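So the structure is just underneath, and the comments pick up after that.
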Amino acid sequence: MQQYDPLAIEEHWQEVWETTDANRMTESDEKPPFYVLEMFPYPSGDVHMGHVRNYTIGDVISRYKRMQGFNVLHPIGWDSFGMPAENAAIQQNSSPATWTYTNIERQRTSLKRMGFSYDWSRVVITSDPEYYHWGQWIFLKFWEMGLVERRSSPVNWCPSCSTVLANEQVLGEGHCWRCKTKVEKRELEQWFFKITNYADELLDDLDELSGWPERVKQMQANWIGRSVGADVVFTLCDENGEPTEETITVFTTRPDTLFGCSFFLLAPEHPLAHQLTAGTQYEAGVKAVRAAVENETTIEREKAEREKSGAFTGRFVVNPINNEKVPVWVCDYVLMDYGTGAVMAVPSGDQRDFEFARKYGLPIPPVVVAKDDALYPELANVQERTVNEVPWTEAYAGAGIMVQSGEFTGLAGGKDSPGSAAVIDWLAARNLGEPSINYRLRDWLISRQRYWGNPIPAIHCDACGIVPVPYEDLPVILPLDIDVTAGQKLADNKEFYEVACPVCARPAHRETDTMDTFTCSSWYYLRYTDPLNRTLPFDPQTVDTWLPADQYIGGIEHAILHLLYSRFFTKGLRDAGLLGGKGAPDLLQHGEPFKNLLTQGMVKLNGEVMSKSKGNVVAPESIVGRYGADTLRVYILFMAPPDKDLEWSQEGLDGIWRFLNRIWRSVHDLLGERVVDAENNVLSIYDESITPAAAAERSKELNREIHRVIGKVKDDVERFNFNTAIAAIMELTNTVSSYLKIARELRDEQLCTRAAEALALLIAPMAPHFAEELWCKVLGRSEQGSVHRQPWPEFDPAQALADMIELAVQVNGKVKARITVALDATEADIKTEACGAVAELSQGVEPKKVIVVKGKLVNIVL
RNA sequence: GCGGGCGUGGCGGAACGGCAGACGCGCUAGCUUGAGGGGCUAGUGUCCGAAUGGACGUGAGGGUUCAAAUCCCUCCGCCCGCACCA
């Protein structure tokens with residue numbers, strides 16, 4: 001017997017698979033399609049344990065589905081544009097392209113070394129012109145559709161990186177994620193994708209995604225943040241307190257509390273804040289509030305614990321519902337970019353307004369009161385306001401009864417209440433308001449003032465304005481001769497920058513912003529289906545046969561950004577007529593790209609996430625070089641269910657190494673080979689006391705175990721319980737080991753072969769090289785082809801059952817005895833048998849009830 | 001504050017209302033002609049007992065049920081996401 005030598009075996013089979021194109025998806029196949037997709041890596045150095053975990057899970061599913069008879073699409077690629085490449089290039093005095101492509105090759109080698117069954121003919125690299133060409137094409141298409149906008153907006157600007165940043169790229173105290181510089185706020189003209197056009201659909205279609213984790217759907221729903229309510233029109237008064245023609249509209253989710261509005265708030269940046277106070281005694285106070293807010297980022301400002309502050313503007317507005325004049329204040333907790341930047345303050349019903357009112361001595365009239373509140377008896381059915389203060393320590397935002405609310409008094413108040421509806425109707429009838437919906441979701445700022453990204457295909461012409469690059473001029477090639485280490489930018493490259501206007505042919509210049517890398521990763525899974533297409537991003541029909549992806553696997557960190565953007569892209573491309581046509585799967589017609597989503601847990605060491613900066617990484621290559629890829633794969637699958645975090649343990653790894661070696665020896669032994677250890681000591685020890693009859697009994701038992709485990713592994717793999725699937729294979733291995741105690745001449749030879757086959761086939765998706773070696777070499781089945789092309793072993797439930805089974809006998813729910821009965825024993829027989837077994841305990845008392853749970857237990861109730 | 005998730009041996013974790021702790025790690029003892037990331041055998045939740053055995057046991061308390069780690073209620077603790085969104 002050869003010793004198990006993973007390094008030699010793995011190298012050999014990787015070479016064979018490569019030269020025989022073993023994993024190429026065969027499009028002409030009659031088999032049903034199955035698309036297994038894993039989040040593609042960013043090439044920042046070599047692959048880490050997180051990648052290994054992600055891709056091992058995907059590979060097991062792919063290989064299992066192939067054995068189940070599916071035509072599996074299992075692609076890989078690289079998300080290779082982005083700022084880290086520029087950082088690294090500057091640091092290492094290299095270029096982003098060199099750094100990126102060097103890392104891609106390194107990762108490609110590592111991924112192949114892991115034995116992942118990717119179709120390497122479909123690799124997509126986002127920084128290749130063949131790919132980003134079509135990103136630009138989609139940009140132009142979206143532009144045509146009105147989904148692209150260039151507009152001015154307050155944004156986060158990093159002066160050191162000289163680019164805008166997304167909100168999520170601004171860390172804790174308002175520092176740039178990359179250089180830690182304090183981020184500034186600037187009003188800048190930028191490019192946006194109008195993802196808000198799809199806000200309702202993105203929210204509503206979450207209900208269609210039954211294969212997604214609840215948590216991810218909830219996070220997206222929160223992010224979109226739909227609020228249903230009304231716009232209400234207030235009239236502005238002049239400096240003498242007389243109503244003018246001018247109005248200010250506010251958004252509220254609680255129209256039912258309108259009678260409780262005792263002041264009115266403007267965001268400090270609101271144009272009116274300045275306008276109303278210019279040259280007055282109030283100007284200084286308002287400016288101070290604005291100045292305090294000015295240097296803060298939105299994120300800083302949103303901290304709930306901050307004490308609220310504000311200033312009176314000297315002006316009033318008229319509340320449309322009761323014609324009451326209420327003072328206008330500027331305050332720091334009203335955001336300019338949500339709603340209208342103005343708010344009606346109802347301190348009795350909103351905690352923030354409550355705190356503000358208490359601080360500045362403003363009235364707090366109760367208008368919606370809970371029935372069990374001390375105030376209720378006094379105020380029930382009181383229409384005119386008499387009470388302007390509440391004895392409360394906080395606002396009451398719950399449902400209740402409207403009081404002091406004129407004709408609406410007595411109606412039920414609260415969110416989406418009859419009271420709200422009645423107030424909206426009243427306002428709408430008088431043109432003073434209307435139903436309205438607001439979203440927390442903002443349009444997607446996609447422009448970056450960075451070099452290493454996909455150029456935005458637009459041209460600035462003094463005569464024609466901003467014009468799109470014509471489709472036929474695509475791609476706009478990103479020049480590679482930019483020296484980022486010398487601080488060069490795209491605008492410094494004349495060949496790129498200076499261009500003739502496509503409309504008037506006069507000298508013009510190219511847009512020098514590039515697109516956010518998230519635009520590249522928003523459609524790569526579509527390109528995989530048709531990676532070589534030279535006329536379109538992909539062929540619509542091909543996409544319609546493969547999408548939605550049957551299984552998407554990746555980290556929870558993309559729960560919102562990437563997964564939301566991808567959903568938006570797919571919906572946009574559907575509306576462009578590029579996918580999800582008639583006959584396409586229902587989900588795809590909804591514009592949903594991913595049918596089932598699995599978010600894998602993190603790999604940790606001593607309770608901490610492995611990271612380079614903490615210096616606590618275990619490099620996959622260090623494990624693969626010693627134990628081989630198969631041991632690492634099985635280990636990572638065995639240690640925890642895929643969606644849970646995994647705590648790295650060297651001892652656990654050794655356990656898997658021993659497990660594979662045990663299978664290795666058992667299979668050789670089953671096939672009649674002499675089993676020896678590394679020092680050539682014979683390891684087979686027979687138990688001479690086993691009689692032929694006992695051996696026959698053990699053969700039956702082994703046969704049952706083979707079938708039970710085949711069924712169990714199938715169930716477990718389909719539910720992604722890889723850890724219990726492996727545990728079941730371990731159990732089979734244990735049964736085999738004990739069977740091998742039987743002297744060779746007493747073994748059932750055919751059964752031995754079947755056991756060896758089963759072990760090779762069942763472990764194949766998890767330990768592909770190991771299984772291939774067992775199948776082709778040890779079992780000598782190479783003429784049947786690769787183990788990975790074999791059909792999954794048939795599960796025969798009948799063969800998994802024993803003739804006699806053991807049942808637990810409970811008395812009042814506690815196990816007191818065990819009985820062995822025939823598999824087909826009648827319920828009456830079982831009852832009699834069970835009662836007999838516990839006769840002593842029941843002492844002649846007639847059982848009240850006897851419950852028989854088939855195949856499991858009997859419970860006797862006394 | 002809102003939303004989601006989770007509490008099971010020394011550890012990782014099993015148990016689609018039906019024998020809690022599968023499987024693995026670790027540990028103990030023995031064997032393998034001498035001892036080390038090897039193999040085999042037996043054992044390993046806690047307490048009582050020399051033992052057959054018995055009692056207790058899934059964060060705490062209550063409930064539903066013939067039967068609860070699992071379902072319901074209350075509480076405690078931990079993790080994650082969002083958070084001045086009007």
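Throughout, protein chains are lettered first and strands after them, A, B, ... in sequence-line order, and every chain is numbered starting at 1. Please read these numbers as outputs of a predicted model, since none were measured by experiment.
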Per [X] side chain, nearest of listed nucleotides [options]:
{"X": "A/R626", "options": "B/G37, B/C80, B/G18", "value": "B/G37"}
{"X": "A/R440", "options": "B/C82, B/A55, B/C40", "value": "B/C82"}
{"X": "A/K816", "options": "B/G18, B/G37, B/A55", "value": "B/A55"}

Inset, instruction - With sequence neighbours left out, write down each residue that passes side chain to side chain contact (heavy atoms under 4.5 Å, CB included) with A/A199, or none if nothing qualifies. - result: A/I224, A/Y439, A/L441
[N] and [M]: how far apart are their [atom1] atoms, nearest whole angstrom?
{"N": "B/A60", "M": "B/C78", "atom1": "C1'", "value": "15 Å"}
{"N": "B/G43", "M": "B/G10", "atom1": "C1'", "value": "16 Å"}
{"N": "B/U65", "M": "B/C73", "atom1": "C1'", "value": "16 Å"}
{"N": "B/G61", "M": "B/A50", "atom1": "C1'", "value": "39 Å"}

Listed partners of [X] passing side-chain hydrogen bond (donor to acceptor under 3.5 Å, both in side chains), at least two apart:
{"X": "A/E394", "answer": "none"}
{"X": "A/D645", "answer": "A/K604"}
{"X": "A/Y686", "answer": "A/R744"}

Return the value, rounded to whole Å, for the distance between atom [atom1] of [X] and atom [atom2] of [N].
{"X": "A/L646", "N": "B/C79", "atom1": "CG", "atom2": "P", "value": "20 Å"}
{"X": "A/F659", "N": "B/G38", "atom1": "CZ", "atom2": "P", "value": "17 Å"}
{"X": "A/L683", "N": "B/C40", "atom1": "CG", "atom2": "P", "value": "8 Å"}
{"X": "A/N661", "N": "B/G37", "atom1": "CG", "atom2": "P", "value": "14 Å"}

Legend entry - Salt-bridge criterion met for A/R708 and A/E731 (N-O under 4.0 Å): yes
Inset, instruction - Run the salt-bridge test on A/R358 and A/E355 with the 4.0 Å N-O cut-off and return the result as yes or no. - result: no
Inset, instruction - Can you tell me which stems involve RNA chain B, if a stem is defined as three or more consecutive Watson-Crick or G-U wobble pairs, both distances under 3.5 Å? - result: B:1-7 with B:76-82, B:10-12 with B:23-25, B:26-32 with B:38-44, B:45-48 with B:53-56, B:59-63 with B:71-75
I'd like to check the salt bridge (charged side-chain N to carboxylate O under 4.0 Å, His left out) partners of [X]; sequence neighbours left out, ordered by chain and number.
{"X": "A/E673", "result": "none"}
{"X": "A/D630", "result": "none"}
{"X": "A/E806", "result": "A/R818"}

Legend entry - Syn or anti for B/G45 (syn when the glycosidic angle lies within 90° of 0): anti
Restricting to nitrogen or oxygen on both sides, can you table the protein-nucleotides 61-68 of chain B pairs closer than 3.5 Å?
residue: B/C66; atom: O2'; partner: A/N859; partner atom: ND2; Å: 3.2
residue: B/C66; atom: O2; partner: A/N859; partner atom: ND2; Å: 2.7

Inset, instruction - Tell me whether the OP1 or OP2 atom of B/A14 has a side-chain N or O from A/N723 closer than 4.0 Å. - result: yes
Legend entry - Under 4.0 Å protein heavy-atom contact, by nucleotide of nucleotides 23-29 of chain B - B base, S sugar-phosphate only: BSSS---
Inset, instruction - Would you please name every residue forming a ring-ring contact (aromatic ring centres under 6.0 Å, His included) with A/H707, sequence neighbours left out? - result: none
Distance-only donor-acceptor hits, side chain of residues 256-268 of chain A, under 3.5 Å, sequence neighbours excluded:
residue: A/D256; atom: OD1; partner: A/R254; partner atom: NE; Å: 3.0
residue: A/D256; atom: OD1; partner: A/S420; partner atom: OG; Å: 3.0
residue: A/D256; atom: OD2; partner: A/R254; partner atom: NE; Å: 3.4
residue: A/D256; atom: OD2; partner: A/R254; partner atom: NH2; Å: 3.0
residue: A/D256; atom: OD2; partner: A/G414; partner atom: N; Å: 2.7
residue: A/T257; atom: OG1; partner: A/R254; partner atom: O; Å: 2.8
residue: A/S262; atom: OG; partner: A/P363; partner atom: O; Å: 2.8

